[in-house]
Each structure stands twice: as structure tokens, then as C-alpha cells.
Number of protein chains: 2
Amino acid sequence: MNLRDLKYIIAVAETRHFGKAAEHCFVSQPTLSGQIRKLEEELGVTIFERSNRSVAITPVGQEILHHARQIMEQAEAIQQVSKRHQDPLAGPLRIGAIPTLSPYLMPLLLTPLKKRHPQMQLVLSEEMTGTLLQRLQRHEIDAALLATPADSPDLDTLPLFDEPFWVAYPRNHPFYTREKITQSDLDSENLLLLSEGHCLADQAMAVCHLQRRQSEGEMADLRAASLETLIQLVGAGYGITLIPALAMRGSWASGSGVVAQPLASADTSRQVALVYRHSFPRQAALQALAAVILDNLPNTVTPLDPSQA
Amino acid sequence: MNLRDLKYIIAVAETRHFGKAAEHCFVSQPTLSGQIRKLEEELGVTIFERSNRSVAITPVGQEILHHARQIMEQAEAIQQVSKRHQDPLAGPLRIGAIPTLSPYLMPLLLTPLKKRHPQMQLVLSEEMTGTLLQRLQRHEIDAALLATPADSPDLDTLPLFDEPFWVAYPRNHPFYTREKITQSDLDSENLLLLSEGHCLADQAMAVCHLQRRQSEGEMADLRAASLETLIQLVGAGYGITLIPALAMRGSWASGSGVVAQPLASADTSRQVALVYRHSFPRQAALQALAAVILDNLPNTVTPLDPSQA
DNA sequence: ATTTACCATCGATTTCATCGATGATTTGAG
DNA sequence: CTCAAATCATCGATGAAATCGATGGTAAAT
């Protein structure tokens, strides 16, 4: 059996004429006759009762025709679905982002994206780096916005921007009168961290030359579950912390008794990138997304040339 | 697109493995890979996202797969329908019969047929010869039981039996004391006829050497709509009539004050035959039907050798 | 480093749909 | 009654396309 054959019998059923049906299918009449005969032999039934003067469909043929029409309908549905998805931008794009980035980047992104590519549809999720990488491998999301290099041969990375860390401290802290704060100024401070698994915790420790084991003992009970909580702890005088630049735009920035300013030394930033499976077929959609991101960054971060992958 | 290709993508979707899927489809792995790639190119979408370590279906692929499964389901339905109809005896057989035959032949036939070919299913209709021939040409019925030769190049005839005419007259009629009644005895009698269109009316006139026009004037208002009515008229003394042999078995035969006996001369019978389209594909079913008819006739009629078509 | 697993690619082969020409049969016109 | 038109079936040649076995490339496992 064959979609072509089904097309043929539908044409014959509609025209009741082998010649017309053949013409309608853009084949010669012998071809159509032969294929229908072959199909009838394969099925072991007579679909059309033909004489020199008339072509009539048998009761079995009528039943077969019914199913054939449904098949053609479904086949056309496949064509439709495909056509709708031929634009690589179309169709939901499942994007995951880390919690220290997502709430601050996405608001910048969504409106311009809607304006630029109205057919794009993002499905957002917010999880920590490890989980995002798992879900990427399991094809549960299509790409992840991460601040750590992803090293897997399956995954490709599109660098987006360099996001500096800012130091956040209470208004009554000695830092408040300093013009510049450098990396070494932090060594003697009590650094508050996010809970285990957040890449920002690791990044902050790295900036402050802390070892994981060191911090675990001292500050385990002071780890915060979110950036917002972390700020509250800083405001309450438990210590200082590092905040990625985009998060400075959060609503807490004013009136919480917490002040922040950029770190004045080098290497105190993290690289945000879009990570996706090497085999992902809609990379054009990711390129478009990345372009919109780069076009709408505040000047507190530094766009990266995509060529330095 | 192609049913084969759809089978392939379903297999890949189920196994998530090109090799296994190919094995499952009884083709080589390159063949399956190639066909899927071709289908993807044709549709312009990626159905499977493949890497060396994993095969995953894309969202588009998922949609396509859904339709593909429905298509395969319908295709299997076609196979099923065909298999059910491969027995040419199976499936409804639409038989029409003339009103002067149907009520008397069918009761003889149905029980033995059910015993002999339980899978056969008759759809009966009862109409006059002309209507039956029309419906035969329009494929509305598959065969007709007629008592007149059907002369059309499209139609074939299977002779069944020779059915003599009996003379029916009231008990007080002079015929009641006769041992033999011949054709010529009828000439002076008032012959009652069925209404226009019934072949029995023409046959009775032919036996009695009457012209159509002759009878029309005299007896137009005495024509009966059914054999049963005709008998009532005979019983009421309006005249005599001719009754085909099988109809003698009707329930009216006893106690209606009407007597009947065979006509004692030659050529006073009609030939009952099964008429069907030359192109009808299930002639085996008709042969089976004819055989059952011939095996269950009463000895008042003479079976005909099917070879004298 | 070697083996294993797996999908992609390539060239040769075979299968099969297609075409044009022709045949057979019936219908309708002259 | 003969001839032309209509219509489906059959036949042989052609070409496109599916298939296969062999092979390549890559990543994971040992």
C-alpha cells in the first residue's frame, strides 16, 4: 500500500473515470490502472467494478475509500505542521536560565524580542546550572543561559556578555566612603553566599580566594536561598556580598539600606553565555535570541564578540 | 511522503535507535537513515535530533508522529477491511426479486442458506422487473431474480428453474370436474391480471394469446396489485387467473374457495434466472446462492442445467 | 590507547512506477 | 450494418528511487 495508490483510488472514486482520474493525478491512464490493479491484488479485494461504459465503487471499496480519505487528511496535516515549523524561529523555544540571571535579564529581553520576532515564543524555566545541564541533555529544554563554561562535546556555547560583580554592603559600612574597592579589600570581610549549587556562590568564593571547605564550616547556616534574601542579610548587617551587575536593576536597589558599587579590579566578572546541544536543529532561533539580548543590554555589562566561542 | 517513511519514523521514535528501528522494519540501517533524511528534507523540518549517543524527537517530530500513527492505524484498518472481504461470500449481498416470486422462493431459501453459508448475508428487495434492472445498472443491487430474459451486454444470466403456471378458478367453476386443462381451454375465460409492470401479467397474456390493447380496455379496473388480491378476485367469481407454481405454496391455498391445477400443455411456464452485472466481482457468492436455491426447490418446478446460459 | 557503539556517507544493484503504443469492447452515428 | 469514438487493460522499454554492504567519523567505555 502507498499514499500514491490511495490518491489514485480517491481520484477514481471522485471522477468515476480512469482517464480523468489519471489526468487529475498527472499520470498516464495505464499507470493509474496498473497501480490500482496492483493495490487490489495486494489487498485481495476488488475496489472498483469496471466495465467499458462505467466505473463503480464496490462496498468494500467504499469502506477503503473512507479510510483512504482520512489518511490523506492526516498526510496533509503533516505537510501543514511542517510548513508552520519551517520558519526556525517559529514554535516554542524552551529556555532555561540560572536564578541569579533570569529575573534581571528576562525583563530586558521580552518586550524587544516580541517586537523584533513576534512569531517567537519562549518557554522559560529557572533552575541552577547543574539541573539546566541535565535538562539540556534530556532534551527537556533547548538552550540554557549560564554563567559557567559548559564543557561537554555535545554542547556548544554562544558567549553573550561579561557581567561584573558589584560589592553590596550596608550603608553604615566603612566601604561607603571609599571611592574604589578592590578584590583585596574583601579578604577581611564576612562574605555572605547563596546556598549550595548556585554558581554565583562559587564565583564569589573564587573572587575572594576562599576555599570551599573554609566557607562550609563558618557560614553554612548563613547561606541564602535567593539573591533577594542575600540582600536582606546584608542590610541586616550580617556581612557583605557580591551581586552580578544586572541584578543591580532589581527593585530592592533603592531603600533597603544596602549600597553597591563595582569592584575596581580585573577578573571580577562572570561570562554569561547561551549553551545548547550541538545537534539542536533550530540554532537560527538561538542566534536571533542572542542578537536581541546583545542589543538590549544596559551599559553596566560588556557585550562579547560571538566569534570568540 | 510515503507510508514506508512513516513506518520508519514510528520505529525510530519507539526504539530511539536507528539500528534497532531498521531491524524492526527489516531494512538496513543506511536505508532507514536515508529515507528519514529524505523525508526531513521534503518536509523542511528536523524530525529527530541525533547525536552519536542519543536520538531524540523534536517537538515538530512529535506532532508529525501523532499524525503518522493515525495514518498507520487507518492503513491497518484498510488491511482489516480487505481481509474480512476476501471471502467472496462474506459481506452483504444485495438481491432483488420480483413480487410474484420473492415471497414464495425466499422462505424456501433462507434457512438452508444460513445452514450452508453462515457468513453470507442477504439484503432483499422486492420490485418489478424494470425497476430491478435499473437498480442493477446503478449498482444499487448486486443481482436480481427475474422471470424474463435480460438482454443487455452488461448483464449475465444464470438460469435456475422452470416454473409452470397453474390455473386458479373458483370451486364452482366447470374446470373443477376436468381432469386436464389445456391452453386452449382458457381462450373463452375471463382472465384476471396483475397491474401493469408485473411480468406475470405479460406472461399470462402470452399464454392466453391476448394482445395488450385488448385487455386494457376490458379489464383495466380489474387489475390486481398483488397475487394475494388476484386470488381473492378469483374466489369472488370475477374470473380465473394463472398462478406460478411456487406461489401455490402460499397460505391462501387452503380454504379460500379457490382451486388450482397445472396447465396440461407445453410452453406454459416461465424461466426464473439470477441476473447480475458481467463485471460483478463476487460471482462466487452468486454461484453459492444459486446452488442453494437449486438444492431446495419443491418438485413442482424443474431445475435447469446452469450450462444452458 | 583500544574497543565498542552508532549514525552518516558512498557506489552498485535491483525493484518498481511510468510512459507510449496497442488491443479489446461497447456505444452511438451515419 | 458499418465506422468512429470512448474507455479500460496489456505490453515492453525506460528511468528514478529504494536498498544493500562496506566504510568513515565520533564519542563513550574499558
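We name chains A, B, ... by the order of the sequence lines, and we start the count at 1 in each one.
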DNA chain C: A:Q35 or B:S152, which has the more 5' nearest nucleotide?
A:Q35
If I take atom [atom1] in residue [X] and atom [atom2] in nucleotide [N], what distance separates them, rounded to the nearest angstrom?
X      : N      : atom1 : atom2 : value
A:L39  : C:dA17 : CG    : P     : 11 Å
A:H17  : D:dA6  : NE2   : P     : 9 Å
A:R53  : C:dG28 : CZ    : P     : 6 Å
A:I36  : D:dT10 : CD1   : C1'   : 16 Å
B:H278 : C:dT26 : NE2   : P     : 8 Å
A:D156 : D:dA27 : CG    : C1'   : 15 Å
A:M1   : C:dA17 : CE    : P     : 14 Å
A:N2   : C:dT15 : CG    : P     : 18 Å

Between the side chains of A:H278 and A:D154, is a donor N or O closer than 3.5 angstrom to an acceptor N or O?
no
Will you find, in the side chains of A:S82 and A:Q86, an N or O donor that is under 3.5 Å from an N or O acceptor?
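No, no side-chain donor-acceptor pair sits under 3.5 Å.
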Salt bridge check, [Y] against [X]: does any charged N sit closer than 4.0 Å to a carboxylate O?
X      : Y      : result
B:R277 : B:D156 : no
A:R135 : A:E127 : yes
A:R69  : A:E14  : yes

Look at [X] and [N] and indicate whether a side-chain polar atom (N or O) is within less than 4.0 Å of OP1 or OP2.
X     : N      : value
B:K38 : D:dA17 : no
B:R50 : C:dA8  : yes
B:R37 : C:dT9  : yes

Closest heavy-atom pair, B:I95 versus B:L122, reported as atoms and distance to 0.1 Å, is CG1-CD2, 4.1 Å
Minimal non-hydrogen separation, B:Y276 against B:D142, with atom names:
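Reported closest heavy-atom pair: CB-O, 3.6 Å.
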Given C:dA17, C:dC7, C:dC19, the nucleotide with the shortest approach to the side chain of B:S33
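Nearest to the side-chain atoms of B:S33, counting from C-beta on, is C:dC7.
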Nucleic acid contacts - residues 20-30 of chain A versus DNA chain D, non-hydrogen atoms under 4.0 Å
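Result for residues 20-30 of chain A: A:Q29, A:P30, sorted by number.
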Checking B:E40, B:E41, B:Q35 against B:R37 for side chain to side chain donor-acceptor pair (under 3.5 Å), the one that qualifies is B:E41
Is there a donor-acceptor pair under 3.5 Å between the side chain of B:T58 and the backbone N or O of B:T46?
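Yes; at least one donor-acceptor contact below 3.5 Å.
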DNA chain C contacts made by residues 3-14 of chain B, counting heavy atoms under 4.0 Å:
none
